[in-house]
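See structure below.
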Amino acid sequence: MNKKIIIRTLEKIALYMELKGENPFKVSAFRKAAQALELDQRSLDEIDDVTKLKGIGKGTGDVIIDLMENGKSSVLEELQEEVPKGLVPLMKLQGMGGKKIAKLYKELGIDSAESLKQACLDHQIQKLPGFGPKSEDKILKELMEFDSKPGRHPIWKTEEAVEFINGVLSEIKEVSEYSVAGSYRRTKETSKDLDFIVATAQPAVVKEQLLAALPIQETIASGDTKVSVTVEFQDPIDIDFRLVAPEEFVTALHHFTGSKDHNVKMRQLAKSQNKKISEYGVEQEDGTVATFASETDFYAHFGLPFIPPTVREDGRELDLLDDIPQLVELVDIQGDMHMHTTWSDGAHSLTEMIDACRAHNYNYMVITDHSEYLKVANGLTPERLLKQNAEIRELNKKYDDIEVLSGTEMDILPDGSLDFDDSVLEQLDFVIASIHSSFQQPQEQIMARLLTAMKNPHVDMIAHPTGRIVGQRGGYDPDMEQLLDWAKEYGKIVELNASPYRLDLAVEHLEMAQEKGVPVAINTDAHAIEQLDVMAIGVRHAQKAWLKKDNVVNTWPLEKLKEYLKK
DNA sequence: GCCGTTTTCGGCCCGACTGTTTTCAGTCG
């Protein structure tokens with residue numbers, strides 16, 4: 001039995017219990033059990049007694065045993081008989097939870113989105129105790145927009161909204177401090193909505209100016225301290241603003257940065273120290289409330305080091321405090337090993353890219369224009385590549401603050417062959433192999449192509465190994481376990497492409513790479529000098545996978561890197 | 001349903017907002 005299936009089943013049971021209107025603590029017990037399994041690195045076979053895990057007891061343990069022995073869960077089956085399947089999607093409706101849905105089912109026999117809609121039209125909903133005309137209108141409106149509302153927004157779309165709002169907030173003089181919070185601050189690759197913390201002594205004034213400055217489609221909530229709106233950018237996106245007093249800024253920022261799991265852990269820790277955390281401060285045993293000048297001070301108050309937002313996810317971070325100083329940071333990055341120039345499809349010349357990298361204080365950089373096959377990107381023929389190579393060698397002599405290495409981003413062709421001969425490749429300092437075509441091939445064929453690149457002794461790195469675009473396309477679906485095993489066997493580097501469009505490898509695959517001892521390079525794949533800045537996003541994405549700087553090759557000094565590439 | 005050197009029973013993170021109420025339940029983050 002697959003561990004993932006067990007985790008999903010426990011979560012499903014929790015969901016169905018919620019739809020039944022079950023005791024919320026019982027519901028969360030099943031979610032906690034699922035999480036306990038997920039956080040345990042061991043496979044199912046390696047765990048001899050699941051009930052020994054914290055959070056798994058008799059009830060949830062029996063479900064797991066039932067699943068392992070019979071391949072199904074009788075608990076879930078009974079729930080599914082009791083609770084109509086059509087209720088599940090109703091949980092996605094804004095303002096609807098298990099209790100309300102259970103009531104609708106019990107009182108009116110509503111068992112699907114369709115029957116709910118009809119009940120609204122017949123004005124049956126407002127007759128129910130606890131519901132009213134407003135609820136009925138809201139549900140109907142939500143149901144109409146059901147399919148058109150986008151789910152999660154990829155980071156490359158939200159970036160624009162964040163910059164715009166930062167601009168607005170910086171213009172309001174009553175705002176003393178502000179910051180984006182939530183999953184965006186944690187550098188999740190997608191966000192459901194955006195959260196901003198705004199410190200001000202005059203919340204009413206700020207609220208008014210803020211609402212006036214945004215292209216608001218709809219106001220979801222508008223209280224004294226919390227304003228929720230849907231704003232029209234490329235796509236409509238929900239934004240929460242929290243208006244807090246200046247002294248509360250840090251605790252509010254921490255609270256709304258989350259994650260939820262991180263906050264729960266922090267509050268439990270606080271409680272064990274007889275303190276109480278809320279967004280307004282930390283209440284001490286004597287009833288006084290402490291506030292802080294920085295998040296570093298906030299963590300120090302509990303005897304903790306600063307925990308970066310990127311790792312505030314599943315609660316693991318509080319058990320991995322010793323690993324935090326080893327995490328890769330932007331200041332550790334010594335060079336960028338993947339970028340394009342006007343020789344292929346880049347916007348800036350060789351010297352412009354070099355100067356931009358020098359401005360980033362890099363010690364080295366690699367020019368890696370596209371290869372011949374990629375005609376749309378003006379890929380280099382062997383002749384042009386060798387000419388560029390000579391030019392780079394010549395240019396490199398001019399700089400003593402940076403080493404400019406000569407490389408290529410070579411296509412792995414659909415038939416599995418490589419775009420350049422060994423006689424060409426051997427003249428270069430660094431060879432990237434990557435796939436830009438025939439994504440729809442079956443996995444065996446994709447893997448065969450990758451294997452050719454792996455086996456070529458001149459290839460140093462596989463770029464954007466899955467070809468995905470966050471929130472848009474899945475990529476070519478390689479067998480990642482196999483790919484990483486080969487990378488280990490043949491001594492290849494795998495890329496973390498830092499472009500917010502790609503973030504390829506994804507977090508779970510980066511974790512897998514580190515576990516297997518496969519080195520990672522964080523590169524921008526810049527096609528223009530501004531894009532060199534996405535290194536910061538790449539580094540934060542790497543932190544989410546707990547990548548240590550020693551496992552990131554472009555934190556290494558040039559000599560160490562050269563030594564490694566020789567092998 | 002899970003957990004426990006303060007507890008085998010009574011907690012389980014905490015607070016804002018809405019829409020329903022006339023003091024509060026449900027939902028959300």
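Order of the sequence lines fixes the chain letters, A, B, ..., with proteins taken first and strands second; residue numbering starts at 1 for each chain. All heavy atoms count here, side chains included; hydrogens, waters and symmetry mates do not.
- A:Phe30 comes within 4.0 angstrom of sugar-phosphate atoms only, judged by non-hydrogen atoms across all strands, and of no base.
- Between the base of B:dG19 and the side chain of A:Lys134 there is no donor-acceptor pair shorter than 3.5 Å.
- Between the side chains of A:Ser74 and A:Asp66, at least one donor N or O sits under 3.5 Å from an acceptor N or O.
- For A:Thr251 (side chain) and A:Glu279 (main-chain N/O), a donor-acceptor pair under 3.5 Å exists by modelled atom type.
- In this structure, the nucleotide among B:dC14, B:dT20, B:dC12 sitting nearest to the side chain of A:Lys276 is B:dC14.
- For the OP1/OP2 pair of B:dC14 and a distance below 4.0 Å, the side-chain nitrogens and oxygens of A:Tyr280 include no atom meeting the criterion.
- Here A:Asp224 lies in heavy-atom contact (under 4.0 Å) with sugar-phosphate atoms only.
- A donor-acceptor pair under 3.5 Å links the side-chain atoms of A:Gln514 to the main chain of A:Trp546, judged by distance alone.
- Checking B:dG29, B:dG1, B:dC17 against every side-chain atom of A:Asp240, the shortest atom distance belongs to B:dG29.
- Toward the 5′ end of DNA chain B lies the nearest nucleotide of A:Asn274, the other residue of the pair A:Asn274 and A:Gly98 mapping further downstream.
- Side chain to side chain, A:Lys207 and A:Ser222 meet the donor-acceptor criterion of an N or O pair below 3.5 Å.
- Within 4.0 Å (heavy atoms only), A:Lys32 reaches no atom of the nucleic acid at all.
- The nucleotide whose nearest atom lies closest to any side-chain atom of A:Lys226 is, among B:dC2, B:dC14, B:dA16, B:dA16.
- Across the protein-nucleic acid pair, A:Gln94 atom CD and B:dG26 atom P stand 18 Å apart, rounded to whole Å.
- Comparing the C1' positions of B:dG15 and B:dG10 gives an interatomic distance of 22 Å, to the nearest angstrom.
- Dashed line: the shortest gap from a side-chain N or O of A:Lys192 to OP1 or OP2 of B:dG29 is under 4.0 Å.
- Of the P atoms belonging to B:dG26 and B:dT21, the separation is 13 Å, rounded to the nearest Å.
- When heavy atoms are screened at a 4.0 angstrom cut-off, A:Gly258 is found touching no nucleic acid atom at all.
- Residue A:Lys54 is classed as a sugar-phosphate contact, given heavy-atom separations below 4.0 Å to backbone atoms only.
- Side-chain proximity of A:Lys100 to B:dG1, B:dT27, B:dT20: nearest is B:dT27.
- Note on A:Met266: nothing from the nucleic acid sits closer than 4.0 angstrom, heavy atoms only.
- Closest to the side chain of A:Lys58, out of B:dC2, B:dG29, B:dG15, is B:dC2.
- Using a 3.5 Å distance cut-off with no hydrogens or angles, the side chains of A:His254 and A:Tyr299 do pair a donor with an acceptor.
- Residue A:His255 contributes atom NE2, which lies 10 Å from atom C1' of B:dC28 at whole-angstrom precision.
- Note on A:Lys99: a side-chain N or O is less than 4.0 Å away from OP1 or OP2 of B:dG26.
- Among B:dC14, B:dC13, B:dA16, the nucleotide with an atom closest to any side-chain atom of A:Val264 is B:dC13.
- Between the C1' atoms of B:dT8 and B:dC3, the separation comes to 10 Å (whole Å).
- For the 3.5 Å distance criterion, the side chains of A:Glu136 and A:Gln126 qualify, holding a donor opposite an acceptor.
- A gap of 26 Å separates the P atoms of B:dC28 and B:dT23, to the nearest Å.
- Residue-level contact check: A:Leu269 touches neither bases nor backbone, having no heavy atom under 4.0 Å from any strand.
- Side-chain contact annotation: A:Gln202 with A:Glu174, donor-acceptor N/O pair under 3.5 Å absent.
- Contacts of A:Leu93 with the nucleic acid, taken as non-hydrogen atoms under 4.0 Å apart, involve only primed sugar atoms and P, OP1 or OP2.
- The A:Lys26 side chain lies nearest to B:dG1 when the options are B:dC17, B:dG1, B:dG15.
- Comparing the same atom, C1', in B:dG11 and in B:dT7 gives a spacing of 9 Å after rounding to whole Å.
- The side chain of A:Lys260 sits closest to B:dG29 out of B:dG1, B:dG29, B:dG15.
- Here the side chain of A:Thr225 is nearest to one of B:dC17, B:dC2, B:dG11, namely B:dC17.
- Residue A:Phe25 places its side chain closer to B:dC12 than to any other of B:dC14, B:dT18, B:dC12.
- Backbone-only contact: A:Ser222 has heavy atoms under 4.0 Å from sugar-phosphate atoms and none from a base.
- When the C1' atom is used for both B:dG1 and B:dT5, the distance is 24 Å, rounded to whole Å.
- Comparing B:dC13 with B:dT27, their C1' atoms are spaced 16 Å from each other, to the whole Å.
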